[in-house]
Structure formats: C-alpha cells, structure tokens
Number of protein chains: 2
Amino acid sequence: MKAYKIPEATVMRLSIYSRYINQLQNEGIETISSGQIAEGVGVSSAQVRKDLAYFGEFGTRGVGYKVGELYGHLMKILGLDRRWNVIIIGAGKLGSALALYQGFFDRGFEICAVLDDDEKKIGTRLGDITIEPLEVLKERVKERDIKVGVVAVPAAHSQDVTDKLVAAGVKAILNFSPRVIQVPLGVTLRNVDLSMNLEVLSYNLASNR
Amino acid sequence: MKAYKIPEATVMRLSIYSRYINQLQNEGIETISSGQIAEGVGVSSAQVRKDLAYFGEFGTRGVGYKVGELYGHLMKILGLDRRWNVIIIGAGKLGSALALYQGFFDRGFEICAVLDDDEKKIGTRLGDITIEPLEVLKERVKERDIKVGVVAVPAAHSQDVTDKLVAAGVKAILNFSPRVIQVPLGVTLRNVDLSMNLEVLSYNLASNR
DNA sequence: GACTGTGAAGCCATTCACAGCT
DNA sequence: AGCTGTGAATGGCTTCACAGTC
C-alpha cells in the first residue's frame, strides 16, 4: 500500500465513502455505481471514480462495484483492517465524551487510557476506564503499543502534552485544543478546531448569502 | 462586507489568525509582521498577506500590522463583532460537552437551548440550561432569534433533526453526526466528523511514512 | 446500454517575486 | 532596510469526455 501522492481530500472522502458503503451493505445492497455513491455522499461521480482509481481497479465496467468487496478494499486502504489503540489526554467534558464515544470503537479504535493531571478526576471511572495521572503515559503507550494520541486539554497545555505524547512514542495526534501545535517529522497531526467551525458559519451568516 | 469569492480555506485560516492575534494582544504585543503570524500558525507569510488582502489593506508597508487594529478587522470579517445564539440538538455525551464548552462562549456563541427526545434527560440541567423536548424547537428559535443549530444526535436521526432545524428557521448547521446530510440552498452546513479525522490518521499510519 | 478508468482540460489555491511605501 | 500588497507563475485537485469493457 504505497501509492505515490494521494490528496488528503481523497483520503477524507474515502472515509466518508466507506461508511456509506457500510450502510448499503447493512441494507443488503450488493452492487453500486459511482453515480449512486456520488449521490449518497454529495460529490460528483467522476470524483468517486478518480478517488478509487488511485488505489486500484475495484469496479467492473458496465456494472459498477460489488458492495462487499469495495468495503473491504476501503477498510484496508484506510488501515481499518486492524484495531488501533488510542490514549486520550484530558478528562474534561470533551475528553470524557470522546472516551465514551461508541463511534470510535465501531470503527476499530480502542480507547485504552484516559489521563489527566487533576487530582479530583484521577481514580474516577469513565465506562470501563479509570482516569490515571499523566505519569503513566510512557508506560501505557509501551505496554499497549499505542500509536494514536488525542489532545483534549486547554490551549495553554496542548503543546506541552503533545511533546509528552511524542516523547512517549505516539505516531499520530488528534488535537482538539484551539491552538496551533508543532510535531516533529514522522508524527502525523490533525486538528479538530470546534470554534473554527462555528466561526466559518458565523462568517457565512455575516456575509449573508 | 461582500467580497467576491473567498476560498473557504482562507476563512478557516482567518479564524486561526484571529485567535493567535488575540493571544499576542494579551501578551501586550503591539505590532506584528506577516512573517511572524505565519510562523505562529504554521503557514507561509505570502499566504497570510494574501488572505488578509482579500478584505482590505490592514498593514503598513515597511512596518507590519497593528495587533489591536488587525484583531478588530478579523473579528468583524468573521462576524464575531456580535453574539450568536445557538441551539444544540442531542444531549448525549457529545452534545452535553459542547453545551458546556467555554470556548464557544468566549468567541461570542451563546448556547440558548439543548433539546433531546429522551424522557430521562428532559428536565435535567447542563450548567444554566435545562434540557427540553424537541417540541419547543420552533418556539426557542423564534424567541431567541437563533441562527445556528448544532446536530449531535446518532446518525440515524441526523437528517430528520436537520430538517426540523431548517423548518424552524435556523440558517447555519454544524453537524457532528457521521452521516452526510442535505440542507436546502440558503442554509450553510459544516460537518465535524470525528471518526473521519481518526481514520485519516489511521490511513497515514498504515501507509507508514 | 451502462458504467468504469483515465488522459486532458479547466479551475482554483498557493507560492513567487517584486514594485511600492515607510 | 524592512515589510506590505499584488500580478504572474506554479502546482494540485476536480471536472470533462471518451475509450474500453461487460
């Protein structure tokens, strides 16, 4: 799986496609065309075909794609043909919500640990997980081979926490704090900036079209 | 405020810039160059200048930008020189976390109501807010002039809830459910797909670079 | 006849590079 | 000398359009 340069937008859409295809699969549909996928997720059919073509020839001309097969390909491409262990730093409202979010588990992500530096939270439980102090970070990452870290702490601490995650050996970070953070080469970073999303809406409302 | 066609990426960056500039302002810094902003948020200086130039000439050649002035311009451009009333549908873990998220309030978004159809949740409180049934949607939107709706319900109900928000008169929707939803022209939609973000990380880990 | 896979064209965002101002 | 504002060049993603296949 070493295609040359795949647009990030393509990878994001593959994730969307995969969940739509999964939905179709559950409905018992067996074959689908790029046009139907396109309609289902709101893009053009050419886009769907181009995205898939980066990774191989999954369809049959004149027919379309077999739902089950395509789903398998997509999950493999996305690296979801295995489970990933995840650690969350920050057991505030957001961190707790993420820890309990069923959607992650359903897609193969297992929250192995939730850490916080607040004495009052340490020892309390979130579902099956007991909140632990930051000191156990390195240990948990090693013993559970955790590759993914989630940063759900206030902006002021996000860089500090990120550095610790990196030092512990985490290779991918999902940052929910509204602050730009730096990671070294070899570590992948994605930001989910909740305020930014609302502010883009605000912009659109204000420049009212 | 009716610039012709602004890239969405530009608007997203303006939101980032504005928070970085705010940070500088709090540190007492008075003047800043595009290069310094660029370094602070991780883009190129040309990008910063181009983004700002869509909206006017805010800087002084040879000098840079006055922090206070630029912040004012950015907030005005983003429509954050006023407060926006927001309604959240879904009082699960995520909806509750969003309702209590201080970051929204700090940027001018006020959560006016949280609705859910679960009898057990209705009547319970989230901070200052009492969870109410979906039936009050139209009433709340009217009386508080709510323009922004947040969808934090399971995928199966997201389109239904969205239709109700639109019918009630909401003009912008932030969707947290992992399902593609449709809105009519004149309503702005943004999606925050938590699983998608993790899956892009998974993709990057799997095609390991 | 229907639909995929794909080179070419089109379009849009980013980067370059420099004139213009302080 | 330093930095902004901007037309031109570049690069990259999306759309077009059609040959290839069933």
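Keep in mind that the numbers below use all heavy atoms, side chains included, and drop hydrogens, waters and symmetry copies. Since the structure is predicted, the reported quantities are computational estimates derived from the model, not experimental observations. Order of the sequence lines fixes the chain letters, A, B, ..., with proteins taken first and strands second; residue numbering starts at 1 for each chain.
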So salt bridge (Lys or Arg N to Asp or Glu O under 4.0 Å) across residues 36-52 of chain B, not counting sequence neighbours, yields B/Arg13-B/Asp51
Specify the separation, in whole Å, of atom NE2 of A/His73 and atom P of C/dG5. 10 Å
Could you tell me whether the phosphate oxygens of C/dG5, OP1 or OP2, come under 4.0 Å of any side-chain nitrogen or oxygen in A/Tyr65? yes
Distance in angstrom units between A/Arg13 CZ and D/dG12 C1', rounded: 12 Å
Provide, to the nearest angstrom, the distance between the CG atom belonging to A/Asp51 and the P atom belonging to C/dT4. 13 Å
Tell me which of A/Val43 and B/Gly64 sits closer to the 5' end of DNA chain D, going by the nucleotide each one is nearest to. B/Gly64
Would you say the base of C/dG7 and the side-chain of A/Lys50 have a donor-acceptor pair closer than 3.5 Å? yes
Whether the side chain of A/Trp84 engages the backbone of B/Glu199 through a donor-acceptor N/O pair (distance < 3.5 Å, no angle test) should be reported. no
Round to a whole Å and report the spacing from CD of A/Gln36 to P of C/dA2. 13 Å
d(CD1, B/Ile32; P, D/dT4) in whole Å: 10 Å
Distance test, side-chain N/O of A/Ser44 to OP1/OP2 of D/dT15, below 4.0 Å: yes
Among C/dC3, D/dT15, D/dT4, which is the nearest nucleotide to the side chain of A/Ser33? C/dC3
Assign a letter to each nucleotide of nucleotides 17-22 of chain D from its 5' end: B, base within under 4.0 Å of a protein heavy atom; S, sugar-phosphate only; -, no contact. B-BBBS
State, with a plain yes or no, whether a side-chain heavy atom of A/Val148 is found less than 4.5 Å away from one of B/Leu198. yes
What is the distance, rounded to the nearest whole Å, between atom CE of B/Met12 and atom P of C/dC12? 16 Å
Is there a side-chain contact between A/Tyr54 and the phosphate of D/dC13, meaning an N or O under 4.0 Å from OP1 or OP2? no
Could you walk me through whether A/Ser45 and A/Ser34 satisfy the side chain to side chain donor-acceptor pair (under 3.5 Å) test, starting with their C-alpha distance in whole Å, then the side-chain angles of each, then the deciding distance to 0.1 Å, before giving a yes or no? CA-CA 5 Å; A/Ser45 65; A/Ser34 60; 4.5 Å; no
Between D/dT4 atom C1' and B/Lys66 atom NZ, what is the distance in whole Å? 16 Å
Is a side-chain N or O of B/Thr10 found less than 3.5 angstrom from the main chain of B/Ile6, in a donor-acceptor match? no
So, the side chain of A/Ser96 versus the backbone of A/Ala91: is there a donor-acceptor pair under 3.5 Å, distance only? yes
Would you mind reading off the distance between A/Glu8 atom CD and D/dT14 atom P, rounded to a whole angstrom? 11 Å
Got a sec: does the CD of A/Glu30 have more than 12 other heavy atoms crowding it under 6.0 Å? no
Taking only the side-chain nitrogens and oxygens of B/Gln47, find out if one of them lies under 4.0 Å from OP1 or OP2 of C/dT15. yes
